[in-house]
Every structure is written in C-alpha cells, then in structure tokens.
2 protein chains.
Amino acid sequence: MALRESIVRGELYPGYRLLVLEIANELGISQAPVREALERLKQEGLIISRHNKGSIVAEIKQEEIEEIYALRELIEWDAVRKSIRLLDEKDFGHLTAIYDGMASAAKKDDLFRFIDLDMDFHGYFFAKSGNQTILHLWQQIAVKLKRFQAITNKIYYPDLLSIAEGHAPLIEVLRTGDEEKIRQLFIQHMKEVWWRMNKDAEGRMRDT
Amino acid sequence: MALRESIVRGELYPGYRLLVLEIANELGISQAPVREALERLKQEGLIISRHNKGSIVAEIKQEEIEEIYALRELIEWDAVRKSIRLLDEKDFGHLTAIYDGMASAAKKDDLFRFIDLDMDFHGYFFAKSGNQTILHLWQQIAVKLKRFQAITNKIYYPDLLSIAEGHAPLIEVLRTGDEEKIRQLFIQHMKEVWWRMNKDAEGRMRDT
DNA sequence: ATCGATAAAATTATCGATAATCCTATCGAT
DNA sequence: ATCGATAGGATTATCGATAATTTTATCGAT
C-alpha cells in the first residue's frame with residue numbers, strides 16, 4: 001500500500017488529515033478498501049483515528065522511540081544469542097550482502113534503501129532464531145524505527161557510511177562465535193546508533 | 001465487541017467460518033462494520049483471513065504459546081524490576097484486591113473472571129513501569145494467553161485456588177524489596193504456571 | 001466588537017446492492 | 001469408475017448512495 005510508504009518516508013507529516021473520499025478519488029477506488037487500509041494503519045500505530053473525527057497521521061515522539069529502544073534491547077540480544085550457533089556460510093553470505101548494499105546505498109545517499117537494509121540486517125537474527133511471535137514484533141517495531149529515522153534524517157544527512165561500516169565488525173565477531181564479545185559489540189552498536197539518532201533528533205523534530 | 005469475547009472464551013472453535021453476511025444479519029447491522037471488526041480481530045491474530053476466502057477463527061497452537069512465553073520471560077521481569085521502587089501502599093492495596101478477587105473467583109469456579117484477574121495482576125507491573133509500548137505489547141499477549149487458558153481449562157478445571165494463592169507470596173516479597181528474591185519468585189511463578197498449563201494442555205487440545 | 005446560537009457545508013459511518021471470486025455438485029468423456 | 005469440465009450457488013470484495021455527525025460560516029443579540 002502506497003499510503004504506508006508515504007507515512008513511513010515522512011512525506012505525510014504528523015497531524016495530516018486523511019480524508020477517506022479524497023484518498024478514494026485519488027486512487028480511483030471506492031471508500032470501502034480505503035477504510036480497510038486505514039484500519040490496518042491504525043493498528044500499526046501509524047495513524048490515529050477518533051470516532052466520527054476521521055484519521056490523522058500519528059505523531060512520532062522521541063519518547064515513544066525511547067520506549068521502543070528499551071524493548072529492543074530486551075529482545076534483540078536474545079535473538080542474536082539464539083542465532084549464533086545456527087549461522088552457516090550461507091547466512092554470513094546474506095549478512096555480508098546486506099552490508100554491501102548498505103555501503104552502496106550510503107555512497108548514493110539513498111536514505112530509504114539504507115534504512116531498509118539496516119532493518120533487514122537486524123531482522124535477520126529475529127528470523128533465524130525461529131520465534132515467529134518475536135519476529136512479528138520486530139517487524140512492527142522496525143516500521144516505527146524506519147519512520148523515525150526517515151523523518152529525523154530527512155533534512156540533514158548524517159554520516160551514513162560510517163553507520164554502514166559499523167556492521168562489518170558485527171559480522172566478523174559472529175564468525176568467531178565468542179558469545180561475550182558478540183554481546184558487547186551488539187549492545188554497543190545499538191547504543192551508538194541510538195545515541196546518534198538522539199543527537200540528530202534534537203531540535204529537528206519541530207520542523208516536521 | 002461480542003465476537004472477540006466469544007473467540008477468547010473458546011465458544012467459537014478454531015477453524016469456524018466467520019461469514020460476514022451471517023454475522024451482519026445476526027447483529028442486525030450492515031456488512032461494513034462487521035468487516036471492520038474482522039479486520040481488527042485479524043490484526044490481533046484471533047482470526048485468519050485469506051484473500052477472497054473469508055475469515056476463520058485462528059488456531060492456537062501449543063507452539064505459539066511457547067513462543068509467547070519466551071517473549072514474556074524477556075519482558076515481564078524487566079517490568080517488575082522497574083516497578084519495585086515505585087510501589088506504594090495504594091499499589092499493594094490494588095494488588096491485594098486483585099488477589100482476593102482471584103481467590104473468590106476460584107472458589108466459585110468462575111474461570112473467565114479468574115483469568116481476567118490473573119492477567120490484571122501481571123499487567124499491573126507493566127502499567128506501573130511506565131513503558132506504554134511494552135504495556136501495549138503485554139495487552140496483546142494477554143489476549144492470547146487468556147484464550148489459551150480458557151480453551152485448555154474449559155473441560156477439566158485444575159486447581160484454580162492454588163494458582164490464586166501462588167500470588168500471595170509475590171505480593172509479600174514485593175514489600176520486602178529484595179530484588180534477587182523477587183526475581184526468583186516471579187520467574188518460578190511463571191515457570192510453574194507455564195508447566196501446569198503445558199500439562200493440562202496435553203491431549204486436550206485435540207477436543208477443541 | 002464579541003459571544004453564542006443557528007444554518008450550511010463537509011466528512012464520517014453505515015447501508016443495501018452489484019460485480020468478482022470461489023466452492024460444490026452435476027454431467028459427460030475416457 | 002475416475003477424472004476433468006461446466007454450471008449453479010454461495011461468499012467475498014467493491015461500489016455508490018444515504019444517514020448521522022462534526023466542522024465551519026453566518027447571523028443576531030448583548
């Protein structure tokens with residue numbers, strides 16, 4: 001659905017009113033499917049709708065991202081830990097391919113592709129560790145993180161390449177299999193990105 | 001919505017076909033609101049719908065509950081830990097009231113009320129610890145746990161009272177504030193309930 | 001001029017109906 | 001008898017329109 005893309009990419013600013021009939025006409029379809037789509041977006045937390053008052057694009061507050069990161073810390077290390085023993089050469093190949101893609105996207109300043117790949121990288125461990133419920137949770141989280149990153153990085157691009165390169169040591173240490181070292185690096189990686197995001201976000205959320 | 005209740009209580013068995021027109025006529029309303037409701041239930045994982053093939057009540061597999069418990073372990077202790085310092089006498093009053101309610105429901109064999117209160121008890125810490133995102137996650141989880149318990153305990157009632165009484169020491173130890181003891185007791189409590197549920201579930205999932 | 005009440009416009013939620021799709025039973029060919 | 005094709009029925013997805021509600025604009029009273 002194209003609506004979601006627009007919201008996640010930050011093209012539709014928070015508070016924007018989503019008029020059912022307008023969207024329907026725009027897409028050349030009827031109201032029913034539009035309402036369905038809005039219902040889904042509402043469940044995902046991308047829009048907010050109050051009875052008889054229609055839907056608006058949800059805000060995305062710093063506060064909420066902090067909460068999400070608290071949750072992420074709880075579940076991501078667990079997923080990585082459970083993956084370690086399961087990773088074979090094929091997996092390392094995939095991870096490396098994602099890393100290469102990130103580096104390439106960074107060089108082209110293709111922010112959206114970069115973010116998608118970043119999420120794919122981390123999502124890989126959730127998929128590998130085999131807990132469908134937690135994987136699904138991660139996918140929900142990832143949408144919001146994507147959106148936040150897209151919005152905060154939209155005006156001023158930070159050094160994407162250095163973020164991309166931060167993933168190389170992760171792959172490297174995963175090969176060695178030393179659990180404690182892996183843990184340290186992943187936690188550090190998460191905190192680093194979080195810190196950078198925080199910094200970038202300051203004073204920039206207002207303009208969105 | 002009454003549909004959700006019926007599913008969670010296990011009155012609508014897995015695989016049951018939800019016909020839009022039938023439900024609409026039954027409730028004396030049109031298709032549109034029914035479809036909306038189904039969309040919500042789909043997002044919650046209570047029903048499954050495939051394109052052009054309508055909706056059926058979702059199965060609830062042992063496997064999925066195991067996944068949920070793995071997730072629960074990751075987040076619940078964290079919530080409790082963060083709550084400890086925040087609990088005052090009013091909170092202990094609430095928790096004790098919930099406990100009393102559970103004991104009373106157990107004596108009356110009111111399974112549904114019992115389950116609701118059990119979830120309220122554990123949800124209390126998620127609410128108290130202040131992370132809205134994780135609280136929301138817990139609420140989603142709680143719905144599925146309720147449903148599983150309702151279905152597995154429907155035919156043969158285990159000893160509800162002893163489960164209720166398992167909560168008293170939890171309140172007790174929370175008052176002392178010894179983090180390590182609290183942790184041990186909560187983890188133990190969770191594993192105990194999980195084990196009991198597992199046992200009860202055996203051979204009984206087939207009849208649903 | 002400001003405020004509240006009222007009317008007009010806009011928008012949502014709901015409705016009943018149509019078109020598209022899927023399922024089932026019947027029939028005919030091998 | 002078995003299999004595939006086909007027609008009929010059932011059900012979903014979509015549609016355009018109506019009813020209910022909210023928002024905006026207008027007007028008159030203070």
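A, B, ... follow the sequence lines: proteins, then strands. Residue 1 opens every chain. All values reported here derive from a predicted model rather than from experimental measurement.
Between the CG atom of B/L27 and the C1' atom of C/dC15 there is a distance of 15 Å, given to the nearest Å. Note: CG (B/L21) to P (C/dC15) measures 12 Å, nearest angstrom. One atom, CD1 of B/I29, and another, P of D/dA19, lie 19 Å apart when rounded to the nearest Å. At whole-Å resolution of the value, CD in B/E39 and P in C/dA13 are 15 Å apart. Across the protein-nucleic acid pair, B/I56 atom CD1 and D/dT11 atom C1' stand 15 Å apart, rounded to whole Å.
In this structure, A/S83 contributes its side chain and A/F125 its backbone to a donor-acceptor pair below 3.5 Å. Side-chain atoms of A/N25 come within 3.5 Å of backbone N or O of A/L21 as a donor-acceptor pair. Judged by distance alone, with hydrogens and angles left aside, the side-chain atoms of B/T152 form a donor-acceptor pair with the main-chain N or O of B/F148 at under 3.5 Å. Remark: the backbone N or O of B/E39 is not paired with any side-chain donor or acceptor of A/E39 at under 3.5 angstrom. A donor-acceptor pair under 3.5 Å links the side-chain atoms of B/D91 to the main chain of B/D88, judged by distance alone.
With the 3.5 Å cutoff on both pairing distances, Watson-Crick and G-U pairs in DNA chain D assemble into runs of at least 3 at C:1-30 with D:1-30.
Residue A/L38 is out of contact with every strand shown, counting any heavy-atom pair closer than 4.0 Å.
In this structure, B/Y99 has no ring-ring contact (aromatic ring centres under 6.0 Å, His included) partners at least two apart in sequence or on a different chain.
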Listing time: all N or O pairs from protein to nucleotides 18-24 of chain C that are below 3.5 Å?
{"unit_1": "C/dT21", "atom_1": "O3'", "unit_2": "B/N52", "atom_2": "ND2", "d": "3.0"}

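Screening B/F126, B/F121, B/Y124 for a ring-ring contact (aromatic ring centres under 6.0 Å, His included) involving B/W138 leaves a single residue, B/F126.
Ion pairing between B/E44 and B/K144 fails under the 4.0 Å rule for side-chain N and carboxylate O.
Residue A/R35 has its side chain nearest to C/dA13 when only D/dG16, C/dA13, C/dT14 are considered.
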